[in-house]
Every structure is written in C-alpha cells, then in structure tokens.
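Contents: one structure, followed by commentary.
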Protein chains: 2
Amino acid sequence: MDLDARRIEAYFAFMEAGSLLQLLVDDQVRRDGNLSYPQFVLLARLADAPDGRMRMTDLADSAVHSRSGLSYQARLLEDAGLIQRTPSPHDDRSVTAAITDAGRDILARVMPGHLDAVRQGFFSVLDDSQVEALAVTLSAVRDRLRTLVPSATQRRRKAAGG
Amino acid sequence: MDLDARRIEAYFAFMEAGSLLQLLVDDQVRRDGNLSYPQFVLLARLADAPDGRMRMTDLADSAVHSRSGLSYQARLLEDAGLIQRTPSPHDDRSVTAAITDAGRDILARVMPGHLDAVRQGFFSVLDDSQVEALAVTLSAVRDRLRTLVPSATQRRRKAAGG
DNA sequence: TATTGTTATACTCTATAACTATA
DNA sequence: TATAGTTATAGAGTATAACAATA
C-alpha cells in the first residue's frame with residue numbers, strides 16, 4: 001500500500017475512532033457523574049490548574065470553546081455547585097472560575113471508571129511501545145493543530161473587524 | 001514518566017487533537033463544498049461503496065448515526081441533489097441511498113483541499129514510519145471500539161425491549 | 001479604543017418515541 | 001413478531017452579534 005493511501009487510512013481511522021470513543025466516554029461520564037463530556041473536560045482542566053482556578057478566557061481557549069459557549073457551560077456547572085465564579089483580583093473585567101470541593105468529589109467519583117473505559121476501549125489493543133509512540137505522535141499533532149486552529153480569542157478579534 | 005501517565009497523556013492528546021482537527025476540516029468542507037462534516041462523511045462513504053449505493057440501515061451503522069439522525073441528513077443531502085433515495089429491489093421495507101453525479105462533483109471539488117488540510121494539520125509533523133504506525137494502531141483501536149459501542153441498530157433493539 | 005464576560009438569538013445535530021409498511 | 005424507514009418532538013451544544021463594564 002502506498003504512503004498516500006496509508007495516510008488516508010490513518011486519517012479516517014483517527015476520525016472514526018474519535019467518534020466512537022466520544023460515544024463511549026460520553027456515556028460513562030453521564031452515568032457515573034451526571035456530566036456531559038464538555039463539562040467533564042472543563043472540570044478536569046480546572047482540577048489540573050494551580051489552585052484549581054483559571055480565568056474564563058484562558059479556560060475557553062484551552063478547551064476550544066467560544067466564550068459564549070463557555071459561559072453557557074460555566075453556568076450549568078455553577079448551578080450544579082461544581083465550580084464557582086468570582087471577580088479576578090487584579091483585573092475587574094476578568095472572572096476566575098474555581099473548582100469547588102463538590103466538583104472535586106464528582107471528578108474523583110468519575111475518574112476511575114473513566115480511565116477504565118478508556119483502557120478497555122483504547123489501550124487494551126496496544127502494547128507498551130505503541131502507547132509510547134501514540135503519546136509522542138499525538139502530542140505533536142495536537143501542538144501543530146493548536147497553531148493552525150485559531151483560539152476563541154483569535155476568532156473573536158477577527159470577527160470584530162481585524 | 002510511568003506507563004499510566006503515558007496513557008493518560010496519549011488519551012487527552014488524542015481527544016484534543018480530535019476536537020481541533022474537527023474544527024479544521026469542518027471549516028474546510030463548509031467553505032469548499034457548503035457541506036457539514038457529517039454530510040461530507042456520508043457522501044464519502046457512498047462514493048466508496050460499490051455502485052455508490054448503500055442501504056439506509058447499513059449507512060447509519062457505518063456512520064455511527066441513529067436512524068432518525070441519518071434520515072435527517074439524508075433529507076438535506078437529497079434536497080441538495082447530492083444523493084437519491086429509492087426503494088430497494090429485493091426488500092420493499094428497505095431504502096437504498098445512492099450518490100448522484102452532482103454529489104460526486106461536490107466531493108471531487110472538496111477532496112483535494114480536504115486532504116491538503118489534513119496533510120498540513122496532521123501529517124506534516126509525522127515521518128513515514130510514524131504514519132505507518134498510526135494507521136496500524138488507530139485501525140486496531142477503531143475495530144476494538146466498534147465491538148464495544150453498540151451500533152444504531154443494536155441501540156434500537158435494546159430500546160425496543162430486547 | 002481594546003478587552004472581558006454575559007446574554008439573546010438562532011441554528012445544527014442527535015436521539016427517543018410513535019407511526020407506517022413490509023418480511 | 002421483527003425489521004426498515006420516517007417524522008414529530010425535544011434537548012444539548014455552539015456560535016454570532018449586541019451589550020455592559022473595565023483597562
């Protein structure tokens with residue numbers, strides 16, 4: 001098989017595996033934590049951030065969201081008591097989102113089953129060297145795509161008339 | 001870095017790369033062919049099938065759609081003249097969807113730019129052996145996920161009370 | 001003037017359930 | 001009875017544009 005055909009094969013396999021894995025983990029976070037996947041991702045990002053806090057704009061950019069989309073999800077998470085939004089200390093325009101104890105509890109409840117599902121659906125067919133190779137190549141692809149796909153902030157600047 | 005951490009890294013890189021690549025190609029098929037990505041996928045599947053035809057149920061299963069979701073997309077594609085639905089010859093319950101000449105034209109117009117976008121966003125950071133490895137591992141993952149995630153038909157049977 | 005965040009609004013996608021028709 | 005497909009309906013997610021407030 002020539003290289004071009006290999007590329008197309010890899011690309012479609014990637015997209016389809018992505019759709020299927022989405023369905024799998026969507027289901028898991030819904031069942032085990034009553035969360036949508038976008039909500040799970042936001043919680044996981046916050047939990048990983050220093051102090052469990054991030055500025056709304058940075059969170060939107062990091063999660064590939066428009067700001068309005070993030071505001072929508074943040075409202076749902078805040079109504080559920082899983083995050084809290086407060087004015088930022090040094091810039092009164094900004095809002096800082098922080099994961100709450102309840103948010104961390106939910107995440108702790110969901111994570112084990114989540115990793116189990118991913119292990120079963122994804123890693124069970126790979127050996128250690130393949131996992132290593134995937135971590136390397138997919139990180140490179142992700143970084144490359146970040147440079148190509150405009151962030152929420154960049155899209156907004158463009159729309160404003162730049 | 002231990003293997004578990006490597007796995008988590010690979011998983012999140014995979015999901016984020018998937019989201020970003022979606023944004024990139026969504027945009028491309030919209031601009032170049034006035035298609036949504038789900039519509040592009042359906043056209044590409046049909047174009048690849050023998051005679052450019054597939055039964056609706058098989059198309060739904062292969063594209064990870066519910067049947068109603070497929071009916072919706074099929075109506076849009078048919079209204080645009082890109083596919084045509086006709087009763088199946090040997091089973092009057094079934095409907096066969098076929099890509100039209102106009103559908104093939106659109107696909108021919110979109111594909112080069114599509115592969116270009118994927119090349120730039122995805123393959124430009126990979127060497128030949130990495131592409132080869134990705135094709136192998138991602139195909140295995142996709143096949144594994146297909147066994148785990150119920151198809152549209154299976155989900156329907158379950159809902160009916162099987 | 002530029003940036004931050006929210007909201008009003010509209011649109012796309014998807015699914016469940018109910019329905020018709022055929023095997 | 002089981003399967004194929006459609007439609008009515010509803011809900012989630014996202015984006016654009018308009019807005020208010022602060023830098």
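Small disclaimer: the values here were computed from a predicted structure and weren't measured. Here is the naming used below: chain letters follow the sequence lines, and residue numbers restart at 1 for every chain.
Taking the ring pair (Phe, Tyr, Trp, His ring centres under 6.0 Å) definition, one finds that A:F14 meets it with B:F14, B:F122, sequence neighbours left out.
The pair B:D27-B:R31 meets the salt-bridge criterion, since a charged nitrogen lies less than 4.0 angstrom from a carboxylate oxygen.
When all heavy atoms of A:M56 and A:A74 are compared, the pair lying nearest together is CE-CB, 3.8 Å. When all heavy atoms of A:M111 and B:F12 are compared, the pair lying nearest together is CE-CZ, 4.5 Å.
In this structure, CG of A:D61 is placed 12 Å from C1' of C:dT4, rounded to the nearest angstrom. Protein atom CZ of B:R55 is 16 Å distant from nucleotide atom P of C:dT22, rounded to whole Å. Rounding to whole angstrom units, CG of residue A:D26 and P of C:dT14 are separated by 12 Å. Remark: P of D:dT6 and CG of B:L77 are 12 Å apart, rounded to the nearest angstrom. Remark: P of D:dT6 and CG of B:D79 are 12 Å apart, rounded to the nearest angstrom. The separation between B:D91 atom CG and D:dA2 atom C1' is 12 Å, rounded to whole Å. We find that CG of A:D27 is positioned 16 Å from P of C:dT14, with the value rounded to whole Å. The separation between B:F40 atom CZ and C:dC13 atom C1' is 18 Å, rounded to whole Å.
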Protein-nucleotides 18-20 of chain C N/O pairs closer than 3.5 Å?
residue : atom : partner : partner atom : Å
C:dA18  : N6   : B:R156  : NH2          : 3.3

What N/O pairs connect the protein and nucleotides 7-13 of chain D at under 3.5 Å? Give each pair on its own line.
residue : atom : partner : partner atom : Å
D:dG13  : OP1  : A:S36   : OG           : 2.8

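In summary, the side chains of B:R30 and B:S36 do not present any donor paired with an acceptor at a separation below 3.5 Å, with no hydrogens or angles considered.
The hydrophobic cluster around B:L76 extends to B:Y72, counting ILVMFWY residues whose side-chain heavy atoms fall within less than 4.5 Å of a member.
A donor-acceptor contact shorter than 3.5 Å is absent between the side chain of B:D32 and the backbone of B:V110.
For the ring pair (Phe, Tyr, Trp, His ring centres under 6.0 Å) condition, the pairs that include at least one residue of residues 83-121 of chain A, sequence neighbours left out, are A:F40-A:H114, A:H114-B:Y11.
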Donor-acceptor pairs under 3.5 angstrom involving side-chain atoms of residues 92-99 of chain A: please list them, not counting sequence neighbours.
residue : atom : partner : partner atom : Å
A:R93   : NE   : A:D91   : OD1          : 3.2
A:R93   : NH2  : A:D91   : OD2          : 3.0
A:T96   : OG1  : A:S88   : OG           : 2.8

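Comparing A:S66 and A:R93 along DNA chain D, the residue whose closest nucleotide (by nearest heavy atom) sits nearer the 5' end is A:S66.
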